[in-house]
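Written below as structure tokens is the structure these notes are about.
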Amino acid sequence: MITLIIISVLPIVLLYLGLYKAQKALLPVTIVGLLAALAAAVMQWNTNAMPIYHGMMLFNNFSVAFSVISIVSTILILLLSKGYFEKISNHIAEYYAIILFSLAGIIVMVSYHNLTMLFIGIEIMSVSLYILAGIRKSDFASNEAALKYFLMGAFSTGFLLFGITLIYGASGSFDLDVIRDWVVTHPRNIDPLFYTGIMLIIVGLCFKVGAAPFHFWTPDVYEGAPSLITLFMSTVVKVAGFAAFLRLFSACFSSIADFWTPVLLVITIITLFIGNITALYQQSFKRMMAFSSISHAGYLLFAIVALGAGSANSIFVYATAYSIASIIAFGGLILVRQQSGSDNFEGFNGLAKNNPFLALVLTISMLSLAGIPLTAGFIGKFFMFSGALAHYNVWLVIIAVVNAIISIFYYFRIIIAMYFRSAERAEVEVPAYYKFVLGFSAIVTIVIGVYPALISTLI
């Protein structure tokens, strides 16, 4: 709970610093505050946590692990923000504050023990993101992204809220333990409205994580939002969405998995094909990453389709690998776009000649996202495929492998552009803090790929 308190109070401190024009202190104070929140989260590891505040929240190892990866990812993303928001507005304290408010909602999402807290966490996160997507006031694409995300987000929230209402109407409680006990004691006499509630919740949560066929907002919002905000949405937000998804279904609905698993299985297959095949035809790196994130949502759904004791660990490993690789990819995109003014693939032509470090870390990122061995991405896919095979979903794994092969083509377009295509270009300036974030992320990607035991048994 201390972690949530720190992250909730920190934005208020930043707003006061902005009020008194202490602009240079904003980023250092934010990083120090997040490190304090990270330390508070780690201190809760293995503390035999119990639900608190009348069963509203539960800060167990599951919530600690996903809180840690969310906070660490946010720290790395914010380190890339030095000088970024200043180009948009002079009032940068508000941007840091809104990001942290969104992070507070994310901590609630991975720590809830009551459906009301799940809804509150999602809304705190979502309202902040609606604002962040449109922070470029003079940019039509950014404004369109914010409006589209707001309208479709509000629509999906209606599905989620109505689903939660039906679950409450049937079971008489929002508490996860009470709902689970009600399902167990009524195996053959479950109210049809309860099943309807599960379906509506699936629709709402699939929208939040960008799974097909509820993905329509993702490409336009990811493309229109500022790159740093897109990075936050595609990593921290997606990880939190899947953690919340898994927590609810593993805690409450595992005993009736035969009902909802076929639905998620179809969604998983559609998500994989739509994400990967559409990504093949993109000319924009940013839009390619948007469709790529849809395909990765399909892989993450494996852990819920093949629900079991290892599902939480599988999502944690995959989410860690995906987040780190995406931070490198978007960090490189921001630098290349600053020089070329475009996010097309041509902007990466000949990058390896003048910027070998930047080309190297981007190569590691693309290899990890493609799931090539000796990278964290390969370990993440291995965990997902192993979990599916353990539940005899052989055909699902075959479909996933085919899609993984498809993804190699569009990820390798970047590598080919950097090393095998020439272009007259100046050296891209890579600031020291970018070198730290990109270098650190690349090292972690390789270390996890070579020594997966470092994180593979945490949860």
Side-chain angles (χ1 to χ4, degrees), residues 1-12 30 33-34 36-45 47 49-75 77 96-132 153-154 156-157 160-161 163-165 167-168 173-177 179 201 204-205 207-209 232-233 235-252 312 315-316 319 323 459:
M1 191 63 187
I2 297 176
T3 301
L4 181 57
I5 293 173
I6 293 174
I7 294 175
S8 299
V9 172
L10 185 57
I12 300 174
T30 302
L34 287 176
L38 178 63
V42 172
M43 290 174 62
Q44 291 182 293
W45 187 259
T47 55
M50 299 293 291
I52 58 176
Y53 299 116
H54 301 285
M56 301 296 282
M57 304 287 289
L58 175 61
F59 294 94
N60 57 1
N61 283 0
F62 178 93
S63 63
V64 170
F66 283 101
S67 295
V68 166
I69 186 60
S70 298
I71 294 171
V72 170
S73 297
T74 303
I75 290 174
I77 292 170
Y96 287 113
I98 296 171
I99 290 174
L100 292 177
F101 280 131
S102 180
L103 182 60
I106 286 168
I107 300 301
V108 174
M109 285 175 62
V110 302
S111 308
Y112 73 94
H113 195 259
N114 188 293
L115 291 180
T116 56
M117 294 308 297
L118 168 63
F119 180 76
I120 290 172
I122 288 177
E123 287 308 294
I124 293 173
M125 177 198 74
S126 298
V127 171
S128 301
L129 292 177
Y130 301 152
I131 300 170
L132 290 171
S156 72
T157 297
L160 180 64
L161 184 58
I164 291 174
T165 303
I167 295 295
Y168 174 80
S173 178
F174 293 116
D175 187 272
L176 300 190
D177 288 340
I179 295 172
I201 287 176
L205 291 178
F207 174 89
K208 296 300 180 184
V209 299
F232 184 76
M233 294 169 67
T235 55
V236 183
V237 173
K238 188 177 289 289
V239 170
F242 274 102
F245 206 144
L246 177 63
R247 185 161 210 165
L248 175 59
F249 278 70
S250 61
C252 299
I315 286 184
F316 178 73
S323 297
I459 305 180

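Taking Thr116 as the reference, Asn114 meet the side chain to side chain donor-acceptor pair (under 3.5 Å) condition, with sequence neighbours excluded. Ser67 is linked by a side-chain contact (heavy atoms from CB on, under 4.5 Å) to Ile107, Val110, Ser111, counting only residues two or more places apart in sequence or in another chain. Ser126 meets the side chain to side chain donor-acceptor pair (under 3.5 Å) test with Lys208; sequence neighbours excluded. Legend: residues meeting side-chain contact (heavy atoms from CB on, under 4.5 Å) with Ser70, ordered by chain and number and at least two apart, are Leu103, Ile106, Val236. Taking Phe101 as the reference, nothing meets the ring pair (Phe, Tyr, Trp, His ring centres under 6.0 Å) condition, with sequence neighbours excluded. The side-chain contact (heavy atoms from CB on, under 4.5 Å) test applied to Met1 returns Leu4, Ile5, Ile52, Tyr53, Phe59, not counting sequence neighbours. Partners of Phe119 by ring pair (Phe, Tyr, Trp, His ring centres under 6.0 Å), not counting sequence neighbours: none found. Annotation: side-chain contact (heavy atoms from CB on, under 4.5 Å) contacts of Val72 (sequence neighbours excluded): Leu38, Val68, Leu76. For Tyr96, the side chain to side chain donor-acceptor pair (under 3.5 Å) partners are Ser81, not counting sequence neighbours. With sequence neighbours left out, Phe207 forms a ring pair (Phe, Tyr, Trp, His ring centres under 6.0 Å) with Trp217. Among residues two or more places apart in sequence or in another chain, the ring pair (Phe, Tyr, Trp, His ring centres under 6.0 Å) test is passed with Phe242 by none. With sequence neighbours excluded, no residue forms a side chain to side chain donor-acceptor pair (under 3.5 Å) with Ser250.
For the pair Tyr168 and Leu115, the minimum side-chain heavy-atom distance is 4.5 Å or more. No side-chain heavy atom of Thr3 sits less than 4.5 Å from a side-chain heavy atom of Val64. You'll find the side chain of Asn60 reaches within 4.5 Å of the side chain of Arg247, heavy atoms only.
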Step by step, would you call Asp175 with His54 a side-chain contact (heavy atoms from CB on, under 4.5 Å)? CA-CA 9 Å; Asp175 187 272; His54 301 285; over 6 Å; no
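For the residue pair Val108 and Met57, the shortest heavy atom distance occurs at CA-CE, 4.1 Å.
Distance CD1/Ile201 to CG/Leu248: 5.5 Å, rounded to 0.5 Å.
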